[in-house]
Amino acid sequence: MKVATHQLRCTECGARIAGSAVNSIFRCPGCNGLYDVVYPWSSTPYGDTPDSGSNLPNVSALRWLWQERRTSTLAIDQSGVWRYRDLFPILEDLDNVVTLREGNTPLYDLPRASKALGLDSIQAKHQGMNPTGSFKDTGMTAALSVAKERGFEWVACASTGNTSAAMAAYAARAGLRSIVFIPEGKIAWGKLSQSMDYGALTVQLRTDFDGCVRVLTDLVTRFPIYLLNSVNPYRLEGQKTPAFELLEQLEWQVPEHIIVPGGNLANGSALAKGFSEMHHLGLIARVPKVSIIQAEGANPLYRTLCENNGEELIPVKANTRATAIRIGNPASWRKALRALRTTGGWCEQVSEQEIALAKAEIGFEGIGCEPASAVTLAGLKKLVAQGKIGREERVVLVLTGHTLKDSTYTIDYHRGELFTAEESAEISPADQLLHTALRKPPIVLEPDTDTVFRELESQMKLVHA
Ligand code: F0G
């Protein structure tokens, strides 16, 4: 089946090209800017097609269609990404769709966090519930399908671990070969094991994520390898669909705030694009504020905003235990800046101790997430303390990765082995109490009923004390 198509528009100079005309590094040859995918109906900060209006899709029909597809047995209808394909017609032939039935992720209430922060509603959109355990699946299904349609045999990415896991899985489903570049020793084992399991050629480079990007960018200009980092704008078309799914889950009632972690800085802008397009089409009456939270040790956007109001990126030598966002020179920083400015959101930074506490709190709600995702709750605390978020405003945290991605971090935390003595000393007395209550290290005992009973009795007394 043939479907309508799209163009790519440079986010810097506005030049437009056909999707098939893009170069191997997805950058404008004139000004080096990144591209957005635009459609005949686009008329948002993400594309200013003059004839927009005439081609606007009918929103009532779309809502009905998206609901209908939920009961279909077709793979593209069951996918929580391709269900919304009407708003990202990037393929010429839908037979090229590569799907693992991604999306369809739950929206959870966080009652304990809401109570602790004095807010009426905090919810978590758990993108870690995707097939490979992270939000990357929503983008990978889109871009990998494009790679297949364009006849590529090899695909590649540089990654802090989740993109590589997603790419390897989708490439395997499509029968394509994949190459993964990851920083040696700086990714979580769960993620490393996934790319091997899904059959990728896994290359650990003795550098950081930013070094991996440099090598890969050079490679794709010399060999016919399809680049699947988030500079590839088709990734972001898939990553915008959780915005549609979220609003459907909320019965089209727009929350005031969406909070996302920031690493290479593509995801916040993908969601903002989704919200902006929905607003333009009349699916929602306004856009939520999208805020981006970085780890203190990997905070180039935060620093850039503080030091030069977003004029020129200040790259940093990144270091954080939230390895997913251990990125010092983010490719999509200008897109992220646009997302903050068009939606009215903020950028904050949070410390290693704040991340660990927030992660334990999310775990204690029975939800769990990987460290990078927990920056959202840690950042929310700061925004509330600064008076930027009020009691009645509804907040949705985007949890980007599953807790099992980085179980080493979780075990180290509960055993009290995550922080150095200096780092522990920096924790406030109030937070120390919270850490103590949340830490649940395993208890090692002899297999003797009386001993076990005595220990359980003393633990139960502690709980009721
Ligand atoms: N959360 C998780 C769990 C991630 O894996 C990433 C990025 C982010 C947040 C940040 O998203 O880059 O769009 O700002 N991970 C990439 C990777 C870089 O290679 O897996 P971003």
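Order of appearance sets the numbers: ligands from 1, and atoms from 1 within every ligand. What you see is a predicted model, and the numbers here were worked out from it, not measured in a lab. In what follows, residues are counted from 1 in the order of the sequence shown.
For ligand 1, the protein residues within 4.0 angstrom (heavy atoms only) are F135, K136, S159, T160, G161, N162, T163, P261, G262, G263, N264, L265, A266, N267, A324, I325, I327, E370, A372, T400.
Figure legend: cation-pi geometry between R27 and Y35 absent, as NZ or CZ is not positioned both under 6.0 Å from the six-membered ring centre and within 45° of its axis.
Taking the side-chain hydrogen bond (donor to acceptor under 3.5 Å, both in side chains) definition, one finds that N308 meets it with nothing, sequence neighbours left out. Evaluation of the salt bridge (Lys or Arg N to Asp or Glu O under 4.0 Å) rule for R303 yields E307 as partners, not counting sequence neighbours. With sequence neighbours excluded, the residues forming a salt bridge (Lys or Arg N to Asp or Glu O under 4.0 Å) with E361 are K381, listed by chain and number.
No donor-acceptor distance shorter than 3.5 angstrom exists from the side chain of T141 to the backbone of D137, with no hydrogens or angles considered.
With no hydrogens or angles considered, no side-chain donor-acceptor pair links H414 and Y409 at under 3.5 Å.
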